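Order of the sequence lines sets the chain letters (A, B, ...), proteins ahead of strands, with each chain counted from 1. Small disclaimer: the values here were computed from a predicted structure and weren't measured. Computation of the quantities below employed the complete heavy-atom set of this structure, encompassing side-chain atoms and omitting hydrogens, waters and symmetry-equivalent molecules.
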Amino acid sequence: MHDFAATVVAWYHANRRDLPWRRDGFTPWGTLVSEFMLQQTPVSRVIPRLEEWLTRWPTPADLAAVPPGEAVRAWKSLGYPRRALWLHSAAVAITERHGGVVPEDVDALLALPGIGDYTARAVAVFAYGNRHPVVDTNIRRVIARAVDGQAEPGPPSRRDLTAMEALLPEDRPASAAFNAGMMELGAIVCVARTPRCDECPLAAQCAWRRAGYPPYEGPRKATQKRYEGSDRQVRGRILAELRAAHVPVTDAELEGVWPDAAQRDRALAGLLADGLAVAAEGGYTLP
DNA sequence: GAAACGTGGCA
DNA sequence: TTGCCAAGTTT
């Protein structure tokens with residue numbers, strides 16, 4: 001029963017993928033950047049952007065020294081570009097308030113823009129080896145199945161942190177490996193659509209398997225809105241235009257990116273409100 | 001707690 | 001083709 005964690009840790013050490021943020025000598029700043037990029041974005045899309053980013057800005061001070069628009073431009077099409085803005089702001093705060101060193105204290109990390117419960121603990125654990133429960137979508141799914149016997153986790157809750165804490169080994173290095181191992185298990189074995197239960201190290205202890213794989217009964221996730229034709233798509237189109245241009249983009253040019261004027265105006269207003277675009281002489285630019 | 005917030009790949 | 005999913009955070 002309590003070899004649950006030991007099983008995950010042993011499996012992790014034997015099966016972990018070779019990813020950039022697991023290389024020897026990877027810096028806390030690199031971990032922070034990777035965690036920002038990995039928020040809601042698949043590993044395969046993150047890796048090339050991460051390598052470019054760390055080559056160009058190897059420290060927080062390097063990023064803090066350029067305008068935020070440069071971060072938005074380098075973000076390219078990773079999605080959710082406010083993350084680039086938040087990462088830039090975080091770099092400024094780290095440079096000004098933390099002497100250029102990524103903090104390892106969870107509360108200090110939580111105080112930075114764009115960092116929530118997941119990212120703060122991920123940095124504290126993966127960059128510094130501290131002992132905290134890390135909870136992401138993978139871990140929520142593994143716990144739901146292996147521990148709770150449910151096909152899917154319920155809605156996210158602060159109680160998820162408590163559940164993970166209860167499973168966490170006391171030993172610091174083991175607790176870090178357990179966090180990483182649970183995420184890895186959810187990412188490559190206990191996946192959302194077609195779990196590979198025949199390859200799972202927890203199969204013998206899995207409550208969901210023991211119960212006969214009952215289907216999920218709880219509240220349904222809200223269905224994701226269609227992207228084609230959405231305000232999000234229009235924002236993306238306008239921002240792509242601003243990223244590509246190095247002089248202000250005019251209203252006339254923006255008319256070409258989306259025909260519906262009302263929707264275009266709404267999207268532009270949103271970008272301006274978010275600080276992803278600024279009014280300039282004759283048009284709009286990145287900040 | 002719900003809704004908003006990008007983009008791309010896969011079944 | 002459509003729907004689901006992807007290392008979440010903010011308001």
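When each of A/Arg264, A/Arg266, A/Arg226 is checked for a salt bridge (Lys or Arg N to Asp or Glu O under 4.0 Å) with A/Asp231, only A/Arg266 meets the rule.
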*Taking protein heavy atoms under 4.0 Å as touching, what does nucleotides 4-11 of chain C look like 5' to 3' if B marks base contact, S marks sugar-phosphate-only contact and - marks none?*
BBBBBSS-

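Heavy atoms of A/Tyr227 sit under 4.0 angstrom from at least one base atom. When heavy atoms are screened at a 4.0 angstrom cut-off, A/Pro155 is found touching no nucleic acid atom at all.
Remark: aromatic rings of A/Tyr213 and A/Trp208 are close, center separation under 6.0 Å.
Comparing A/Pro81 and A/Ala222 by the nucleotide of DNA chain B whose heavy atom lies nearest to each, the residue mapping closer to the 5' end is A/Ala222.
Spacing between atom CZ of A/Arg226 and atom P of B/dG6 amounts to 18 Å, rounded to whole angstrom units. Computed from coordinates, the A/Arg159 CZ to B/dG1 C1' distance equals 12 Å when rounded to whole Å. The interatomic distance linking A/Arg196 (CZ) with B/dA11 (P) rounds to 10 Å, in whole Å. One can place CZ of A/Arg243 at 10 Å from P of B/dG6, the figure rounded to the nearest angstrom. Between A/Leu276 atom CG and B/dA4 atom C1' there is a gap of 13 Å when expressed in whole angstrom units.
With sequence neighbours left out, A/Trp57 forms a ring-ring contact (aromatic ring centres under 6.0 Å, His included) with A/Trp53. Partners of A/Ala61 by side chain to side chain contact (heavy atoms under 4.5 Å, CB included), not counting sequence neighbours, listed by chain and number: A/Thr59, A/Thr95. Taking A/Glu255 as the reference, nothing meets the side chain to side chain donor-acceptor pair (under 3.5 Å) condition, with sequence neighbours excluded. With sequence neighbours excluded, the residues satisfying side chain to side chain contact (heavy atoms under 4.5 Å, CB included) with A/Pro20 are A/Arg23, A/Ile47, A/Leu50, A/Glu51.
Look at A/Lys225 and you won't find any side-chain N or O under 4.0 angstrom from OP1 or OP2 of B/dA3.
Under the 3.5 Å distance criterion, with hydrogens and angles disregarded, a donor-acceptor pair is assigned to the side chains of A/Trp258 and A/Gln263. Residues A/Gln205 and A/Thr7 have side chains that bring a donor and an acceptor to within less than 3.5 angstrom of each other.
Listed by residue number, the members of residues 234-242 of chain A with any heavy atom below 4.0 angstrom from DNA chain B are A/Arg235, A/Gly236.
Judged by distance alone, the side chain of A/Glu253 and the main-chain N or O of A/Thr250 form a donor-acceptor pair under 3.5 Å.
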